[in-house]
There are 2 protein chains.
Amino acid sequence: MAATPSSRPYLCNCGALRKASRRVSRLYDEALAPIGLGSSQHTLLVEISRWEGSQAPTLWELAESMVMDRTTIARNLKPLERDGYVAIRPSKTDRRSKLVSLTAAGTAKVAESKPYWLQAQKAFERAFGAKEAAVLREQLLSIANDHA
Amino acid sequence: MAATPSSRPYLCNCGALRKASRRVSRLYDEALAPIGLGSSQHTLLVEISRWEGSQAPTLWELAESMVMDRTTIARNLKPLERDGYVAIRPSKTDRRSKLVSLTAAGTAKVAESKPYWLQAQKAFERAFGAKEAAVLREQLLSIANDHA
DNA sequence: TCCAGTTACGTGCATATGCACTAATTTGCA
DNA sequence: TGCAAATTAGTGCATATGCACGTAACTGGA
């Protein structure tokens with residue numbers, strides 16, 4: 001037990017954020033494990049699915065919306081491409097760009113993952129409160145999207 | 001610009017947490033770059049320093065307080081040990097355990113890092129609000145330490 | 001005392017994360 | 001038109017993260 005090093009208050013916003021992020025990531029990882037997706041992969045697939053109906057995003061656009069480095073996105077897509085969930089093809093209007101989209105299998109995987117994801121989502125909100133979680137999410141997203 | 005895939009609300013607590021975590025980590029990484037520490041390394045050094053005055057933590061205890069996997073802690077300590085900031089020695093009362101502590105150089109590094117860390121800390125709180133940040137930290141730490 | 005169960009750690013594997021540097025392409029201005 | 005500047009992506013490197021599996025050491029009861 002224990003592991004309470006000091007009673008001094010913990011002041012680092014970054015440290016608190018990362019700790020919570022690790023804890024919650026593991027919760028979602030466990031929930032998604034039965035279908036072979038990690039929390040990060042799941043988030044990525046869902047994010048791509050949010051472009052449905054509009055032009056497929058470039059790597060750069062996807063990186064922006066994921067608040068991720070461009071090169072990180074490219075690498076994180078590798079396993080998903082290998083497993084047939086996403087397709088990456090060069091843009092016809094700009095040969096530098098690559099467009100990312102879900103395959104049929106990818107769309108199906110997102111649908112399949114939903115109940116597992118929901119389980120983690122509910123577990124979190126059972127502990128933290130659903131309304132509190134909604135507020136927290138908004139705060140976190142405003143931090144994430146802070147283009148200051 | 002742009003990269004707003006959909007106007008549908010973003011519901012995933014885990015996704016929001018990870019996005020915010022990445023954004024803020026980069027803020028702290030940049031601030032700490034001049035002294036050659038990453039945000040994660042800085043947090044780790046500070047966490048170890050919080051044991052000052054009491055028995056040095058074992059890898060297991062440190063992992064607990066960092067909300068990190070045991071093996072992750074061990075590996076993250078490697079660069080810090082290599083650079084002479086932390087010492088890892090076997091426990092004399094339990095030969096399975098290893099105790100982690102700061103070296104003199106490590107203690108000095110924590111002191112040296114403070115103004116750089118403070119700069120990131122203030123930048124964050126300038127944008128998010130100091131009081132709001134304090135509340136957010138408490139929430140994040142309660143999530144991180146949720147032993148449910 | 002001795003062994004079964006528990007505990008603390010290390011290694012191999014796979015993914016996650018971002019920076020510096022490089023290559024190809026596009027764009028805008030002279 | 002033509003080239004300098006900006007944009008988009010890829011590679012190499014280093015660290016971050018956790019799981020499965022294996023090993024050594026401790027602990028408690030028969």
Side-chain angles (χ1 to χ4, degrees), chain A residues 1 3 14-15 17-30 32-34 36-45 57-64 66-83 88-100, chain B residues 1 3 14-15 17-30 32-34 36-45 57-64 66-83 88-100:
Chain A
M1 264 287 81
C14 184
L17 212 30
R18 291 178 69 101
K19 284 184 182 182
S21 186
R22 285 190 293 265
R23 172 76 69 190
V24 174
S25 291
R26 265 184 288 179
L27 173 65
Y28 282 70
D29 279 338
E30 283 175 34
L32 293 165
L37 285 181
S39 56
S40 183
Q41 299 178 325
H42 175 263
T43 299
L44 194 41
L45 289 180
T58 63
L59 285 175
W60 189 89
E61 289 172 323
L62 194 52
E64 273 289 293
M66 286 289 292
V67 192
M68 226 177 238
D69 189 85
R70 187 180 45 76
T71 65
T72 302
I73 280 284
R75 277 186 251 256
N76 289 2
L77 285 172
K78 285 282 167 62
L80 297 173
E81 189 183 22
R82 177 200 61 204
D83 296 341
I88 305 177
R89 62 185 194 287
S91 166
K92 288 172 182 173
T93 57
D94 186 339
R95 272 176 296 175
R96 292 169 305 180
S97 297
K98 290 192 172 179
L99 304 179
V100 185
Chain B
M1 264 288 83
C14 184
L17 211 30
R18 290 178 70 100
K19 285 183 181 182
S21 188
R22 285 191 292 266
R23 171 77 69 190
V24 174
S25 291
R26 266 184 287 177
L27 172 66
Y28 282 71
D29 279 338
E30 284 174 34
L32 292 165
L37 284 182
S39 56
S40 184
Q41 298 178 325
H42 175 263
T43 299
L44 194 41
L45 289 181
T58 64
L59 285 175
W60 189 90
E61 289 173 322
L62 195 52
E64 273 289 294
M66 286 289 292
V67 192
M68 226 177 238
D69 188 85
R70 185 181 47 74
T71 64
T72 302
I73 278 285
R75 276 187 251 257
N76 289 0
L77 284 172
K78 285 284 168 61
L80 297 172
E81 189 183 22
R82 178 200 61 203
D83 297 339
I88 305 177
R89 61 185 195 284
S91 165
K92 287 173 181 173
T93 57
D94 186 338
R95 272 175 298 173
R96 294 170 304 179
S97 297
K98 291 190 172 179
L99 305 178
V100 185

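Computed from a prediction, not measured in an experiment: that's the story for all the values here. Chain letters run A, B, ... following the sequence lines, proteins first and then strands; every chain starts at 1. Excluded from the calculations below are hydrogen atoms, water molecules and symmetry mates; all remaining heavy atoms, backbone and side chain alike, are included.
Between B:Ser40 and A:Glu30, the one whose closest nucleotide on DNA chain D sits nearer the 5' end is B:Ser40. Heavy-atom distances to DNA chain C give each of A:Asp83 and A:Thr93 a nearest nucleotide, and the one nearer the 5′ end belongs to A:Asp83. Mapping B:Arg70 and A:Leu99 onto DNA chain D by nearest heavy atom places A:Leu99 closer to the 5' end of the strand.
A:Asn76 places its CG atom 16 Å from the C1' atom of D:dA9, with the value rounded to the nearest Å. Going from atom CD1 of A:Ile88 over to atom P of D:dA9 covers 10 Å, rounded to whole Å. Spacing between atom NZ of A:Lys78 and atom C1' of D:dG12 amounts to 13 Å, rounded to whole angstrom units. Between the CH2 atom of A:Trp60 and the C1' atom of D:dT8 there is a distance of 10 Å, given to the nearest Å. Between A:Glu61 atom CD and D:dA9 atom P there is a gap of 9 Å when expressed in whole angstrom units. If you take CG of B:Asp69 and C1' of D:dC19, they are 7 Å apart, rounded to a whole angstrom. If you take CD1 of B:Ile73 and P of D:dC19, they are 14 Å apart, rounded to a whole angstrom.
Scanning DNA chain C 5' to 3' for nucleotides with an atom closer than 4.0 angstrom to a non-hydrogen atom of chain A gives a first and last hit of C:dT15 to C:dT26.
Looking at heavy-atom distances under 4.0 Å, B:Arg26 makes contact with sugar-phosphate atoms alone, never a base. Nucleic acid contact for B:Ser25: none, since no nucleic acid atom lies under 4.0 Å from a heavy atom of the residue. Among the protein residues, B:Ser97 comes within range of the sugar-phosphate backbone only, with heavy atoms under 4.0 Å from sugar or phosphate atoms but none that close to a base. Heavy atoms of B:Arg22 sit under 4.0 angstrom from primed sugar atoms or phosphate atoms, though from no base atom.
Considering only heavy atoms from C-beta on, B:Leu99 stays 4.5 Å or farther from B:Ile88 through its side chain. The shortest distance between side-chain heavy atoms of B:Asn76 and B:Met68 falls below 4.5 Å.
Contact record, B:Ala63 with B:Arg70: CB-CA, 3.8 Å, taken as the closest heavy-atom pair. Considering all non-hydrogen atoms of both residues, B:Arg22 and A:Met66 come closest at NH2-O, 2.6 Å. Nearest approach of A:Arg26 to B:Val67, heavy atoms of both residues: NH2-O, 3.0 Å.
A distance of 11.0 Å separates OG of A:Ser39 from CD of A:Glu30, quoted to the nearest 0.5 Å. The distance from the SG atom of B:Cys14 to the OH atom of A:Tyr28 is 6.0 Å, given to the nearest 0.5 Å. With rounding to the nearest 0.5 Å, the separation of CG in B:Asp29 from NE2 in B:His42 is 11.5 Å.
Bending across the helix from C:dT1-D:dA30 to C:dA30-D:dT1, expressed as the angle between its end axes from five pairs apiece, amounts to 10° (10° rounding).
Judged by distance alone with a 3.5 Å cut-off, no donor-acceptor contact links the side chain of B:Arg95 to the base of D:dA25.
Looking at A:Leu37, A:Ile73, A:Val100 one by one, the single match for side chain to side chain contact (heavy atoms under 4.5 Å, CB included) with A:Leu44 turns out to be A:Ile73.
Partners of B:Asp94 according to the salt bridge (Lys or Arg N to Asp or Glu O under 4.0 Å) rule, which considers only residues two or more places apart in sequence or in another chain, are B:Arg96.
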